[in-house]
Amino acid sequence: MSTSASPVGPDPRRWKALVFICLAQLMVVLDGTVVQIALPDAKVDLGISTANQQWVITAYALAFGGLLLLGGRIADMWGRRRALMVGLVGFAFASALGGAAVNEAMLFGARALQGAFGALLAPAALSLLTVMFTSPQERARAFGIFGAIAGGGAAVGLLLGGLLTQVLDWRWTMYINVVFAAIALFGAIVEIKEPARAETTTSGLDILGVILGGGGLALVVYGFSRAAEEGWGDTGTIICLVAAVVLLVAFVVWQSRCRNPLLPLRIVADRARGGAYLTVGLSVIAMFGSFLYLTLYMQVVHHYSPLSAGVAFLPMVLGMLIGSTQIAARLITRVPPRFLVVPGASLAALGMLLLSQISADSTRYWSVVFPALLLIGMGMGTVFMTSINLATYGVEPHDAGVASAMVNTSQQVGGAIGTALLNTIAATAAAAYVTDHMASVHDQASAMALQAEALVHGESTGFYVAAGILAGVAVVAGLLINVRTPIGAAHETELAAAPPA
């Protein structure tokens with residue numbers, strides 16, 4: 001199997017390039033949550049019905065999740081720098097279109113277009129990082145920064161969304177992307193230089209793989225999104241999820257037989273790398289639950305403003321920075337990856353358990369929420385940095401784009417599952433709590449108090465489940481991530497030599 005061209009020395013501009021690569025990634029991650037805060041205002045401004053409001057989120061998620069593997073393979077074929085630049089221009093155009101929307105159809109279309117270009121942009125950014133930073137020590141620092149953004153960007157999106165909506169207008173949650181994209185595009189033109197490749201991927205595109213894989217992933221995202229709105233017994237939800245399983249099974253079978261597969265199975269068949277993808281996906285399931293619950297807890301139960309709710313998430317961002325850049329980045333070249341992922345997931349699980357102690361009577365911010373978010377951030381920062389590094393380590397340069405796309409796919413699918421699964425668990429627990437305590441309702445005040453207590457009870461139950469999922473992440477990582485040496489301590493082919501699952 002061929003590898004990259006003989007090295008001529010690292011690009012002296014690689015650290016400047018990292019700034020713009022991370023800015024591009026931040027823009028994509030932010031867009032998953034920045035619009036959530038602005039949704040109530042956009043709904044009123046454009047006359048979006050309650051039944052259709054989910055499409056502001058779902059349209060983006062469907063396009064992004066369904067096209068990620070295609071975007072990764074295109075990046076491998078075109079070149080990552082070119083794919084990044086095209087993605088930035090397209091994302092900026094779609095964002096401007098969304099900001100100028102005059103009706104709900106225009107906004108939904110713009111969000112879908114954002115997702116499509118984001119699916120090209122995200123794997124291109126990560127694969128550039130993979131091929132530009134090959135020294136273990138430099139790679140650790142670069143992935144530490146990238147991991148902090150990948151994990152903490154969603155929390156920053158809540159803060160930025162609240163700030164823009166409260167100070168300016170909901171449309172600026174879209175327009176701000178034009179500014180980010182322009183800066184990142186300038187950096188891509190001036191500072192980013194993709195390493196020369198000994199071979200270029202010129203084989204034909206696997207069209208059937210695109211249809212099967214993209215359709216299956218889109219149906220997974222939509223099926224779980226629908227479950228969050230309509231319930232698990234809904235006929236449409238069941239049809240979507242069954243169809244998704246059928247398409248994805250057919251996709252795997254086809255990839256094993258296709259001469260030029262969209263996703264070469266060797267990428268995910270490696271035990272340690274597959275464990276890294278699974279770790280990312282499971283971790284995001286728990287993380288998205290925490291964002292959803294805490295946002296409701298702060299704004300509905302304790303009446304935080306959008307901006308105040310966003311500020312309240314900053315301890316998680318701080319924890320992400322510590323976990324990614326100070327813990328994982330310093331230790332990843334010294335200890336085997338599982339020695340970072342297992343403690344990191346366990347620390348985050350402890351933080352989730354602490355969050356289960358929230359109360360409807362008082363915010364308990366400094367005694368419960370603040371330390372819990374800090375613990376979750378530190379744990380998840382360590383997990384994300386290590387897992388993303390491992391998931392793209394030792395991959396042949398011509399597969400770097402699609403391997404990177406698998407990281408984003410794990411995040412996207414995990415987010416859809418987490419939102420639906422934990423929302424259902426919390427709603428069920430809250431409904432049961434109301435039923436059990438209806439005798440305590442005597443007037444409107446007691447009814448409102450019961451509603452708040454039921455919501456908090458449901459969220460506490462959800463936090464217990466999220467803690468259990470993160471404990472499961474620790475077990476999965478301990479069993480599957482079987483690399484016995486620190487990343488970079490051995491030759492890149494060590495991963496490929498690991499025994500299959």
For [Y], is there any backbone N or O sitting under 3.5 Å from a side-chain donor or acceptor partner on [X]?
| X | Y | value |
| --- | --- | --- |
| Gln25 | Leu126 | no |
| Gln255 | Leu263 | yes |
| Thr173 | Trp170 | yes |
| Tyr277 | Ala403 | yes |
| Ser127 | Ala124 | yes |
| Ser308 | Tyr304 | no |
| Thr386 | Val383 | no |
| Ser410 | Leu278 | no |

Discussion item. Leu107 vs Met174, test: side-chain contact (heavy atoms from CB on, under 4.5 Å). Steps then yes/no.
Written reply: CA-CA 10 Å; Leu107 180 59; Met174 305 289 284; 4.2 Å; yes

Worksheet item: Has Trp172 got more than 12 heavy atoms of other residues, nucleotides or ligands less than 6.0 Å from its CH2?
Response: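 Atom CH2 in Trp172 is not crowded, with 12 or fewer foreign heavy atoms closer than 6.0 Å.
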
Worksheet item: Is the number of heavy atoms from other residues, nucleotides or ligands within 6.0 Å of CZ (Arg141) greater than 12?
Response: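 Yes - once you tally the heavy atoms of other residues, nucleotides and ligands closer than 6.0 Å, there are more than 12.
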
Can you tell me how far apart [atom1] ([X]) and [atom2] ([Y]) are? Round to the nearest 0.5 Å.
| X | Y | atom1 | atom2 | result |
| --- | --- | --- | --- | --- |
| Ile376 | Leu470 | CD1 | CG | 7.5 Å |
| Leu120 | Arg73 | CG | CZ | 13.5 Å |
| Ile145 | Ile21 | CD1 | CD1 | 11.0 Å |
| Leu422 | Met287 | CG | CE | 12.5 Å |
| Leu248 | Leu217 | CG | CG | 5.5 Å |
| Thr279 | Ile388 | OG1 | CD1 | 11.5 Å |

Discussion item. Between Trp254 and Phe251 (judged by ring centroids, cut-off 6.0 Å), do the two rings come close enough to count as a pair?
Written reply: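 When the ring centroids of Trp254 and Phe251 are compared, they turn out to be at least 6.0 Å apart.
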
Worksheet item: With under 30° as parallel and over 60° as perpendicular, where do the rings of Tyr60 and Phe64 fit, or are they tilted in between?
Response: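 Tyr60 and Phe64: parallel rings.
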
Practice prompt. List the steps and the verdict of side-chain contact (heavy atoms from CB on, under 4.5 Å) for Leu113 and Phe93.
Written response: CA-CA 9 Å; Leu113 199 59; Phe93 171 75; 3.9 Å; yes

Worksheet entry | Step-by-step side-chain contact (heavy atoms from CB on, under 4.5 Å) determination, Ile189 to Met85 | CA-CA 8 Å; Ile189 295 171; Met85 293 168 64; 3.6 Å; yes

Discussion item. Test side-chain contact (heavy atoms from CB on, under 4.5 Å) on Met385 and Ile332; report intermediate values, then the result.
Written reply: CA-CA 9 Å; Met385 183 277 181; Ile332 198 168; 3.9 Å; yes

Discussion item. Between Val179 and Ile183, is there a side-chain heavy-atom distance shorter than 4.5 Å?
Written reply: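 Contact flag for Ile183/Val179 side chains = yes.
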
Fill in: Under-4.0 Å salt bridge between Asp45 and Arg171
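The answer is yes: the pair qualifies as a salt bridge.
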
Worksheet item: Considering all heavy atoms of both residues, which atom of Asn260 and which atom of Asp206 are nearest to each other, and what is their separation?
Response: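 Residues Asn260 and Asp206, closest heavy atoms: O-CB, 3.3 Å.
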
